[in-house]
Amino acid sequence: MFESEQKEAEQQIYLYLKERDIPAPETFQWGNVPFEGEWGMSTSLFQTAALEARSGKRVNVPERAQEIAQELAAHIGKRRSFSRVEAVRGYLNLYFDTGEFSRKVIAKVLEQRRDFGKGVPKDEQVMVEFSQPNTHKAFHVGHLRSAILGDAVCRIMAFAGYDIVRANFFGDIGLHVIKWLWNYMNHHAGEKPPADTTRWMGDLYAEAIRRLEENPDLEEEVRELYARWDRRDPEVVALWQKTRQWSLDGFDDMYEILDIHFDRLYSNSDAEEMGKEIVSELIKKGIAEDLRPGGAVVVHIDDLLKLDKEKYRVLVALRSDGTALYATLDLALAKMKFAEYDLTKSIYVVDVRQTLHFQQAWKTLEIAGYEWAERCEHLSYELVNLPGNVVMASREGTVVLLEDLIREATARALEVVEEKNPSLMKEIKQSVAQTVGLGAIKYPMLARDNTKIVTFDWEAALDFNGQAAPYIQYAHVRANSILRRVHGLQPNPVAPSHDLEPAEVDLIERISQLPNEVQRAAEDRKTLHITNAAYELARSFNRFYKQCPVLDAPHEIRKFRLTLVAAARQAIANALNLLGIEAPPVM
RNA sequence: GCCCUGGUAGCUCAAUUUGGACAGAGCGAGGCUCUCCUAAAGCCUAGGUUGUGGGUUCGAAUCCCGCCCAGGGUACCA
């Protein structure tokens, strides 16, 4: 927003240094002055002083940096585009006219509304594949991270200017499905799924595992069923199709509650055949080694690349019995994606344990001559564990089901609404509880670095205070509650007539940062930048709310502050929207 | 063995484009603020040798090397 001022300042600095024969660094890095009540930009002179030191002069770098900064401050201080100029501990701080800055920021938000923070279209199509649940299994909190993270990354990247294709990849075949079918045929034949389908599917799967553990002899029956499936026995296929749909319908319900949608659905079963074709092709090209029937089909990637140290190791492309495994499918899936879309990137939101598998699959495709393979990117994230670093696993019984979490969170949220705002209408309370409960679930999955393990515990999940989604939602509600009382907002924001309070300047600064954070989050694929921005925005607003009366303020101040509140409400709503979290009007 | 990730306040996490201003929040602890736009809030206090030992640098949580701890991956699981 102040690029021209920055350029001019830089020119003046270079000129000044040149005149005095002081060696100048190639670039100056500009940052914001740590907030002290006014908005400004800042650069350090340490580099400049260090250059002098290296050129032979005996100088104390911090002292010299401060000296140069002082000289520059005196020099630049005469200019009018800065309201104030100072030198502090080796930093040159240039302060803007806060009034004009404020007006610019607010005007921009109120003009762009929902688009405030949006980047210019980049003309790049990017596919983001995420969630990838297995059919015939439960959907637990461990599965939630990919879904929530992937959704938010899509929202952020789309807002940043990418053309995003949202993809899902269902695990609808494999041993787990056969075990489920076996249990169903023998003990639940003809049963229809109840209302909470996904839980029931998961229960039947857990039951299958239990029966097989209690009586290992039954494994034989499962193998027979697998063989029937492989022959495409019509009865088995029909049952598979029907039950698979039950799972998919259950997932649909959950995605709807979570407000997550997909543009393109893939299934393991879609990729199976093409995967096998690619493997034959790899064998023909001499890339893969066919050790069947004694061994599997393998690719010695390190040898093919002539690497001395082991890096990609060995990819198993096909089982010795000729059946497909995960790697087989991934070869095909990548190809399908690039055949169908013109992608500059194909992102896979999958947990960190699969890093090597992806590198193997994509490197193999690269060796096979598919030049798009290098455009595949693994967005890896750490797991969601239970306290004590206990991994969630259906067969261990260490899972928290999504349905249970949503139910508990909304129930808890409803309790709080009843207590805080009993006069709300019943339906509104319900919807608030849903909004707050879901926000509280999503936020912790998004508010930490992708490389950090999320530890799920009920107490923290149901604590709506402090650094959490409800705090941000509440700030939005407060802004809304002020604006509800006025009719017709001043259409053209004007510069404030009063000296801005620190809380006002801080809030304006936070608002102005949102567009940068969107770009940064999109580039780094880090939702953390947006949760931080949203939280800081809410915090600034809450402080402003406490310190600066709006409706009771003198006329001119009131006019200005109303536009600021409207801008803040918009910025908070936009940030929450990027996270897939709703911004409620009341709560 | 080899590879990857993490280790920051009692707990959960940050740290502004990657080396710069006094390492910041929340929870928890102690205290304060509702005749005032929703107190799901705000304010104050206490709490740190950034796992550890070296190195590079004017300057290190951040870069390099060693070590310790935790987790993950490592040919037919996904």
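The figures that follow rest on heavy atoms only: side chains count, while hydrogens, waters and symmetry mates do not. Lettering follows sequence order; numbering is per chain, from 1.
Summarising the geometry, the separation between CG on D302(A) and P on C3(B) is reported as 13 Å, rounded to the nearest angstrom. Protein atom CZ of F464(A) is 21 Å distant from nucleotide atom P of U12(B), rounded to whole Å. Separating the CG atom of L356(A) from the P atom of C77(B) is a distance of 15 Å, rounded to the nearest angstrom. Here U17(B) presents its C1' atom at 10 Å from CD of E517(A), a figure rounded to the nearest Å.
A cation-pi geometry, defined here as NZ or CZ lying under 6.0 Å from the six-membered ring centre and within 45° of its normal, holds between R478(A) and Y545(A).
Here A39(B) is the nucleotide among A40(B), U5(B), A39(B) with the atom lying nearest to any side-chain atom of R478(A). Ranking G42(B), U5(B), G1(B) by closeness to the Y471(A) side chain, first place goes to G42(B). Candidate nucleotides A41(B), G1(B), G72(B) were compared by shortest atom distance to the side chain of E310(A), and G1(B) ranks first. With A25(B), A75(B), A40(B) as the candidates, the nucleotide lying closest to the side chain of Q467(A) is A25(B). In the set C76(B), C2(B), C13(B), the nucleotide with an atom closest to the side chain of A296(A) is C76(B). Taking every side-chain heavy atom of R319(A) into account, C76(B) is the closest of C76(B), U18(B), C27(B). Comparing A25(B), U17(B), G42(B) by their nearest atom to the side chain of R543(A) picks out G42(B).
Between U49(B) and U56(B), the distance separating the two P atoms is 25 Å to the nearest Å. Here the separation of A70(B) from A25(B), taken at their P atoms, is 33 Å to the nearest Å. The gap from the C1' atom of G6(B) to that of C44(B) amounts to 35 Å, rounded to the nearest Å. Spacing of P atoms, G19(B) relative to C2(B), comes out at 28 Å, to the nearest Å.
Checking A39(B) for Watson-Crick or G-U wobble geometry (two distances, each under 3.5 Å) identifies no partner in any strand. The partner of G71(B) is C4(B), judged by Watson-Crick or G-U wobble contacts that both fall below 3.5 Å. Remark: U16(B) base-pairs with no nucleotide in the shown strands. Criterion, Watson-Crick or G-U wobble with two distances under 3.5 Å. Under the Watson-Crick and G-U wobble criteria, each requiring two contacts below 3.5 Å, nucleotide C11(B) is paired to G26(B).
Counting atom types as modelled, T355(A) pairs no side-chain N or O with a base atom of C4(B) as donor and acceptor under 3.5 Å.
Projected onto RNA chain B by closest heavy-atom contact, Q519(A) and V432(A) fall at different nucleotides, the more 5' of which corresponds to Q519(A). Mapped onto RNA chain B by nearest heavy atom, C548(A) and H529(A) fall at different nucleotides, with H529(A) at the one closer to the 5' end.
Between Y471(A) and Y474(A), the distance from one ring center to the other does not fall under 6.0 angstrom.
In the model, E129(A) has no side-chain atom that pairs as donor or acceptor with a side-chain atom of Y266(A) under 3.5 Å. Under 3.5 Å, the side chains of E86(A) and Y95(A) contain a donor-acceptor pair of N or O atoms.
Applying the 90° criterion around 0 to the glycosidic angle, C43(B) comes out anti. Regarding the sugar-base torsion, U5(B) falls in the anti class, its angle being beyond 90° of 0.
Of the inter-residue distances, the one linking E523(A) atom CD with I156(A) atom CD1 reads 11.5 Å to the nearest 0.5 angstrom.
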